[in-house]
2 protein chains.
Amino acid sequence: MWVLLTLPVLVGRILIRLPCLVLDRTRLNVNIARMRTRASQLGVTLRPHLKSAKSVDVARLAVCALNGRIAVSTLKEADYFANAGYRDILYAVGITANKVAHAAALRRRGVELSLVLDSVDAVKTISARAAAEGVDFPVLVELDTSGHRSGVRPCDPDLITIGREVAKSRSLRLAGVMAHAGESYRCTSLAAISVVAELERATAVEAATRLRAAAVPVSQVSVGSTPTALFARSLQGVTELRAGVYMFFDLVMAGLGVCKIEDIAVSVLTTVIGHRTDRDWLIVDAGWMALSRDRGTADQRIDQWYGVVCGTDGRALNDVLVLSVNQEHGIVGARPGSPPLDLSRFPLGSQLRILPNHACATAAQHDSYLVVGRDGRSIEAAWPRLNGW
Amino acid sequence: MWVLLTLPVLVGRILIRLPCLVLDRTRLNVNIARMRTRASQLGVTLRPHLKSAKSVDVARLAVCALNGRIAVSTLKEADYFANAGYRDILYAVGITANKVAHAAALRRRGVELSLVLDSVDAVKTISARAAAEGVDFPVLVELDTSGHRSGVRPCDPDLITIGREVAKSRSLRLAGVMAHAGESYRCTSLAAISVVAELERATAVEAATRLRAAAVPVSQVSVGSTPTALFARSLQGVTELRAGVYMFFDLVMAGLGVCKIEDIAVSVLTTVIGHRTDRDWLIVDAGWMALSRDRGTADQRIDQWYGVVCGTDGRALNDVLVLSVNQEHGIVGARPGSPPLDLSRFPLGSQLRILPNHACATAAQHDSYLVVGRDGRSIEAAWPRLNGW
């Protein structure tokens, strides 16, 4: 089937040219089923985060009901998924006044759009702006699990003030609290991920408990990141689990041990455009434009450089990596310390697939997925994906 | 004028939402004029590389005549610029058989599309494929200046064989030779850039001389990268200069000393979405999705982390940097070792601009430019840009 790709190929309405982003539907389905089972075992509702996939076609597989809960990272995603019928959408990035009109337009269309904030200042500004727009929003208070980014600590008196200010507002209503243990991406063992997951859970539950003790009602207690979702031992007191990259997985997740390399569902299909015989390098037409500059495995136990190289069937070749990238050139060679690559196995014009360090970043470089079937090669469909704001 | 940006704003036909890519037209024009003067002083024809800008509107300023010479990094760019009337296009990435049909379609539309190759194997394959398509292509032989990527060394006997094979082909004709001193990006002084520029020139001229001595006629002798173009002392024997990022410049170029920070014409406009008072951090809505993961200044004398932060007028704030990025979150703080940021100067909802490490990579995260005028603030236009393959 790859012979089709010797020319630009129209799949449905999408023109595929190389390099392109390949999505293995079988692996995607297995990954989605795994997280669904986890949520069910943990007794929580899954809210898939669609910031990685940004695709209605992927959402249809990952979200149980059409109006099912989803999370997004931009209001453009919220528009896109609202257009496809999704009605319970969490915009999981702190809201500011200049985005309220956009959010209000979604509310008027009947979308239950939840907003996130973490300061009294934000409550006041957003409450006033929402009132001016004549709409109301459910709100989650963003919590801080480890000081890595945004959020209020559960013990911070501001938490109660924020909760009370939201409760007083006529244009905001407190839906709950939200924690995200982004630090799970930097763990060095599954045991450490379980510890971080418990910290994430405890943070969210403590915040909910404190708010309730202050007579501020809280219904949603939302936590999640792919590693903590997969390795939490208990989510007692939690109502909702958010995760996104689990649908695809990537080399960072494989390096953490939360998936195997064979589980990674996205890769970049590329062509060999040159041989550098004196260095035992292949030159391919996937540079940072197709792969992204993400080096998420650089600090892991096994550095995968700019990506693991596979055959066209999606099976990883032993110790063959993208060692360096320019805009439209990738340099493929053996892992440093390994025997050199036998270039004769990869003639000019032959094709390879490259597994990404970070699926969200690599997918963001493309505007569609070439969907392949069970054999890892046959083309089943092409799905559009969203980018931008 | 920025007050417009408190809402999504329609500029012409383009809807601008934050974060967005800002292009300072005054700086752009100055940068373009500088390179044009250089080419004129050096006595060579400038072939602007449009892989950075990917915009017809920028091309109109950067390319003297409508049918003027340009270089591109993808065939999609070639299509796009051909549609806008450009007729002399160098596709500056090694061609492979699976792209010949696409290239042939451009040839049939009357585009003088030059192809690049660096092996006898490629000559044979591309020659046969072009013959099957019933078209002919001008060809440049890619040269290697320092072993960093693709290309033939001028002393390699393969150079003559390639030249003779092209001369024998009825579907290819030898237009010339092409060198690109990508290693100039890693120089640590302007003197070193001048040395690399001379190496680039000498490589191209030596290759042309050897081919001519072997009775293979060569007309184009093409060299270029922004640093070498700006700091070459002589381009004797060279006919054509290629460069692209000079139109915008970026922090990597400023770190090399080839431009000043105040020359950088592109930046990302972002909103403050949170304060982290215990760490003296601002949280902004420009993460790696808006900025890219490029850390090109990491190995330079002054590490600019993920970007230099400016006010909305585009003037750099003293030692304020993007220290870390997630997908849609950037963490802004003082340069390590500097006094902490006074967060009260940057209220929630206020706006900042961020200068990129690598303009090509940051621009690639956006599908349009918000063009601002002489004051660095007033909106003059919105220009679309191309991405993908």
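Fair warning: this is a prediction, and the values are worked out from it, not measured in the lab. First the proteins, then the strands, lettered A, B, ... as listed; each starts at 1.
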Point to revise | Other residues, nucleotides, ligands: >12 heavy atoms within 6.0 Å of B:Arg153 CZ | key: yes
Exercise for review: Would you indicate whether A:Arg279, at its atom CZ, is surrounded by more than 12 heavy atoms from other residues, nucleotides or ligands within a distance under 6.0 Å?
Suggested key: yes
**Study point:** Shortest non-hydrogen separation from A:Ala364 to B:Trp288 and the atoms involved
**Key:** CB-CZ3, 4.2 Å
Exercise for review: State, to 0.1 Å, how close B:Ser150 and A:Arg276 come at their nearest heavy-atom pair, and which atoms those are.
Suggested key: O-NH1, 3.7 Å
Any chance you could measure [X], atom [atom1], to [Y], atom [atom2], to the nearest 0.5 Å?
{"X": "B:Ile273", "Y": "A:Thr96", "atom1": "CD1", "atom2": "OG1", "result": "7.0 Å"}
{"X": "A:Asp278", "Y": "B:Asp156", "atom1": "CG", "atom2": "CG", "result": "9.0 Å"}
{"X": "B:His102", "Y": "A:Leu15", "atom1": "NE2", "atom2": "CG", "result": "8.0 Å"}

Practice item. Answer whether the closest heavy-atom distance between the side chains of B:Cys20 and A:Trp389 falls below 4.5 Å. Key: no
**Study point:** Side chains of B:Arg149 and A:Trp281 in contact at under 4.5 Å (non-hydrogen atoms)
**Key:** no
Option that, when pairs with chain B are counted at under 4.5 Å, heavy atom only, ranks first among [options]:
{"options": "A:Asp118, A:Thr271, A:Leu75, A:Asp285", "answer": "A:Thr271"}
{"options": "A:Val272, A:Ile95, A:Asp144", "answer": "A:Asp144"}
{"options": "A:Glu142, A:Gln365, A:Arg295, A:His275", "answer": "A:Gln365"}

Practice item. Go through the atoms of A:Thr74 and report whether side chain, backbone, both or neither lie under 4.5 Å from a heavy atom of chain B. Key: side chain
Point to revise | Part of A:Pro19 within contact of chain B (heavy atom distance under 4.5 Å) | key: both
Exercise for review: With a 4.5 Å cut-off on heavy-atom pairs, point out which of B:Gly287, B:Ala290, B:Pro347, B:Gly151 contacts chain A the most.
Suggested key: B:Ala290
Study note, to complete from the structure: Among B:Cys360, B:Ser368, B:Gly274, the residue with the most heavy-atom pairs under 4.5 Å to chain A is B:Cys360
Can you sort out the partners of [X] under side chain to side chain contact (heavy atoms under 4.5 Å, CB included), two or more places apart, ordered by chain and number?
{"X": "B:Ala105", "answer": "B:Arg108"}
{"X": "A:Asp294", "answer": "A:Ser292, A:Asn357, A:His358, A:Ala361, B:Arg293"}
{"X": "A:Asp121", "answer": "A:Ser119, A:Thr125, B:Leu348"}

Check your understanding: Would A:Asp367 and B:Asn387 count as a side-chain contact (heavy atoms from CB on, under 4.5 Å) if you check the C-alpha gap in whole Å, the side-chain angles of each, and the deciding distance to 0.1 Å?
Key -> CA-CA 9 Å; A:Asp367 58 11; B:Asn387 284 311; over 6 Å; no
Review point. Who in residues 322-329 of chain B is close to chain A, using a strict under-4.5 Å heavy-atom cut-off?
Key: B:Asn326, B:Gln327, B:Glu328, B:His329
